[in-house]
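Structure first, commentary second.
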Amino acid sequence: MKEPDADVAHRVPPGQTLTTKWPVLTYGLTPRVDLRRWTFRCFGAVERELTWTWEEFLKLPRVTVRSDIHCVTRWSKLDNEWEGVPARVIIEQARPKPGTAFVLQHADPDYTTNTAFADLLDDDVVLAIRHNGNDLEPDHGGPMRLVLPKLYFWKSSKWLRAFEFLDVNPPGFWEQNGYHMHADPWTEERYSDQETRAMQQMRAEAARRLRERS
Ligand SMILES: Nc1nc2c(c(=O)[nH]1)N[C@H]1C(S)=C(S)[C@@H](COP(=O)(O)O)O[C@H]1N2
Ligand SMILES: [Mo]
């Protein structure tokens, strides 16, 4: 860890320290993935539910983007090069219904995190399979993880398996355990007690509706 040089200081959000290492942060164990059974799925409020096998997923158009990682545990890692399928490509194929405002990411093993639909549409949001020229290591989410660089990194699911399109905003795993619904590192949206009253009501309402549905 070191103090950022002046030329990159503007890229380091408040309360963060730079690292050149890449820590592994997983709740639980790295899942073992069988690529013959792996699928990625879009479901919920979509015109058609879609499922890609690994072979099909590899045929989707890919881009290479460069971005910075900001973890809520206060480390940041600059200049990561990610190769992956733009989230927008996936969303265009799934065609979310009007009124879709949120996406719940479902990942192995039993990890979820909620995101505003609009936050997935940025050019640098990718379903990544490679990092700095190498296949993504299992500990870092291989074979595929989301990268959503403008939010704290817990909003980037490793071992991503599905997008659920929703008109409500249910809290995901960390969001049910004290962390913020939105997670903007520039305004330090770290903890749920910093949420607006409206957002806290929305989280309670959405959690209740999802419980009723299941
Ligand atoms: N499936 C899954 N995705 C996850 C996590 C997890 O525990 N399980 N941890 C999150 C957290 S808190 C962070 S900071 C990043 C860490 O990614 P890394 O281990 O590649 O640094 O992954 C996020 N995505
Ligand atoms: Mo994290």
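Counting convention: from 1, in listed order, for ligands and their atoms alike.
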Distance-only polar pair, side chains of Thr20 and Lys77, donor-acceptor under 3.5 Å: no
- line: Note: ligand 1 atoms sitting under 4.0 Å from heavy atoms of Pro23 are 18 (P), 19 (O), 21 (O)
- request: Using the rule that two of Ile, Leu, Val, Met, Phe, Trp, Tyr join whenever any of their side-chain heavy atoms come within less than 4.5 Å, decide whether Val103 and Val85 are in one cluster.
  value: yes
query: Can you find an N/O atom of Trp154 closer than 3.5 Å to an N/O atom of ligand 1?
result: no
- request: Say whether Val24, considering both its backbone and side-chain N or O atoms, lies within less than 3.5 Å of an N or O atom on ligand 1.
  value: no
field: Best match, Phe153, Tyr111, Phe173, Tyr179: closest heavy atom to atom 5 (C) of ligand 1
entry: Tyr111
field: Test of proximity, Trp174 against ligand 1: N or O pairs below 3.5 Å
entry: no
- prompt: Do we see a donor-acceptor contact under 3.5 Å between the side chains of Asp139 and Thr30?
  reply: yes
query: Between Thr73 and ligand 1, which residue portion shows a heavy-atom distance shorter than 4.0 Å: side chain, backbone, both, or neither?
result: neither
field: Atom indices of ligand 1, in the order listed, that fall short of 4.0 Å to a heavy atom of Thr26
entry: 7 (O)
query: If we only count N/O pairs under 3.5 Å, is Trp22 in contact with ligand 1?
result: yes
field: Whether Trp22 and His140 hold their rings parallel, tilted or perpendicular, with breakpoints at 30° and 60°
entry: parallel
Phe173 and Tyr27 aromatic ring geometry - parallel, tilted or perpendicular at 30°/60° bounds: tilted
query: Taking atom 17 (O) of ligand 1 as the point of reference, which of His131, Arg145, Arg161, His70 owns the nearest heavy atom?
result: Arg145
- request: Would you check whether Asp108 reaches within less than 4.0 Å of ligand 1, judged by its heavy atoms?
  value: yes
message: Counting neighbours of CD on Glu212 that are heavy atoms of other residues, nucleotides or ligands and sit closer than 6.0 Å, is the number greater than 12?
response: yes
- prompt: Under 4.0 Å from any heavy atom of Ala107, which atoms of ligand 1 are there?
  reply: 1 (N)
Close N or O approach (His140, ligand 1; < 3.5 Å): yes
- line: In ligand 1, the atoms that come under 4.0 Å of a heavy atom of Ser156 are 22 (O), 23 (C), 24 (N)
message: Any nitrogen or oxygen of Trp75 lying under 3.5 Å from a nitrogen or oxygen in ligand 1? Just yes or no.
response: no
task: Of the side chain and backbone of Trp159, name the one, both, or neither that has a heavy atom under 4.0 Å from an atom of ligand 1.
output: side chain
message: Just by distance, no angles: are the side chains of His180 and Asp193 close enough, under 3.5 Å, to form a donor-acceptor pair?
response: no
message: Within ligand 1, which atoms have a heavy atom of Tyr27 less than 4.0 Å away?
response: 6 (C), 7 (O)
From Leu136, Leu25, Asp139, Val72 - option closest to atom 9 (N) of ligand 1 by heavy atom: Leu25
- request: Kindly work out whether a path of hydrophobic side-chain contacts (I/L/V/M/F/W/Y, heavy atoms less than 4.5 Å apart) joins Leu136 to Leu160.
  value: no
